[in-house]
Every structure is written in C-alpha cells, then in structure tokens.
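Report on the following structure.
All residue numbers in this chain count up from 1 along the given sequence. Computed from heavy atoms alone, side chains included, the values below leave out hydrogens, waters and symmetry copies.
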Amino acid sequence: MAHTTNRRFGKFGLTTLTLGAAAAATAFLSPAVASAGPMEMAEPLLTSDCSFAQVDAALHDQAPELAAMLDANPDAKAQLQAKFDQPVEQRRAELQQYIEQNPQAAQQAQDDPRAQQMQATLQGVADTCHSY
C-alpha cells in the first residue's frame, strides 16, 4: 500500500496534508488562475472544527493511502495533531508565514499535477469528519 501511496501522492501529499491542514505550502494565486493554491486547498481543514481524531478517522476512510503515509511518519502526524489544537486563525497565520518563507516550495506545490486531487481529498475529509 505504501508503494502505491508514494506514487499517487508522494512527498507532495504528506507535505500538503501536514502543512496544508496545519500550516501548508504555496503562494496565493491571482484570481485569474483556475486551480487553487495550497492555501485554498487547505482551507476546509484549516477552518474545520473537527478534532484531530475525527480528521484522522475520516482520512483513513476516505484516503487510506494518504493516511498510511501519515501513519508512517509519526513526527509529521504529531505536528499535524498539534496544529489541530490551535485556533483557526493561528493555523492560517502559520500557513501564510510558511508560504511567505518558502515561495519555491509553494510554487512547486501549486504546479504539482496532483494538487486538484489533493484538494478534493481534503475537502472530502473536511466534509465528513464530523461523522467520526
């Protein structure tokens, strides 16, 4: 399963999930650009009032390969869990700071062809996490 996970989402998936849900990676795009940047991609989880346990359960159900990546990286999972203990505005501020400090990573995440799939995955997790 991990091999499939790495091909499907790879480092992008783990980084976006960890940092996106908590304090992700990418620059704001001009309104003329159709695809969402990681700030927009992460918004459903940035503003979620679900607990980390709920998000983790939804992730295991909706995107098991991504959940397996996170489970295989306990430090990243602990960081993400800590972010869910923070208020929404603090999560947003940390994401914005990350974006400003890492413009190349932000652009790389933006340009990744898996970004749209990741956005749908994160939206699905945010939409269903209250059920867990």
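To the nearest 0.5 Å, atom CZ of residue F52 and atom NZ of residue K83 are 13.0 Å apart. Atom CD of E89 and atom CD of E94 lie 12.0 Å apart (nearest 0.5 Å).
Screening L122, D71, L66 for a side chain to side chain contact (heavy atoms under 4.5 Å, CB included) involving L59 leaves a single residue, L66.
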| What's the verdict on side chain to side chain contact (heavy atoms under 4.5 Å, CB included) for L45 and R91, showing C-alpha distance, side-chain angles and the deciding distance? | CA-CA 10 Å; L45 290 179; R91 292 184 215 170; 5.9 Å; no
| said: Walk me through whether T47 and R92 qualify under side chain to side chain contact (heavy atoms under 4.5 Å, CB included). | reply: CA-CA 8 Å; T47 59; R92 277 193 181 127; 2.8 Å; yes
| So Q123 and D127, side-chain hydrogen bond (donor to acceptor under 3.5 Å, both in side chains) or not? Walk me through it. | CA-CA 6 Å; Q123 183 67 57; D127 288 347; 2.7 Å; yes
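Residues T128 and Q62 have side chains that bring a donor and an acceptor to within less than 3.5 angstrom of each other.
Two residues are said to be in side-chain contact when any heavy atoms from C-beta on lie closer than 4.5 Å; D49 and H130 meet this criterion.
The backbone N or O of P44 sits nowhere less than 3.5 Å from a side-chain atom of S48 that would complete a donor-acceptor pair.
For the residue pair L70 and L80, the shortest heavy atom distance occurs at CD2-CD2, 3.7 Å. Across E100 and P103, no two heavy atoms sit closer than the pair O-CD, 3.7 Å. Of all the heavy atoms in A58 and C129, the pair that sits closest is CB-CA, 3.9 Å. Minimum heavy-atom separation, V55 to C50: CG2-CB, 3.9 Å.
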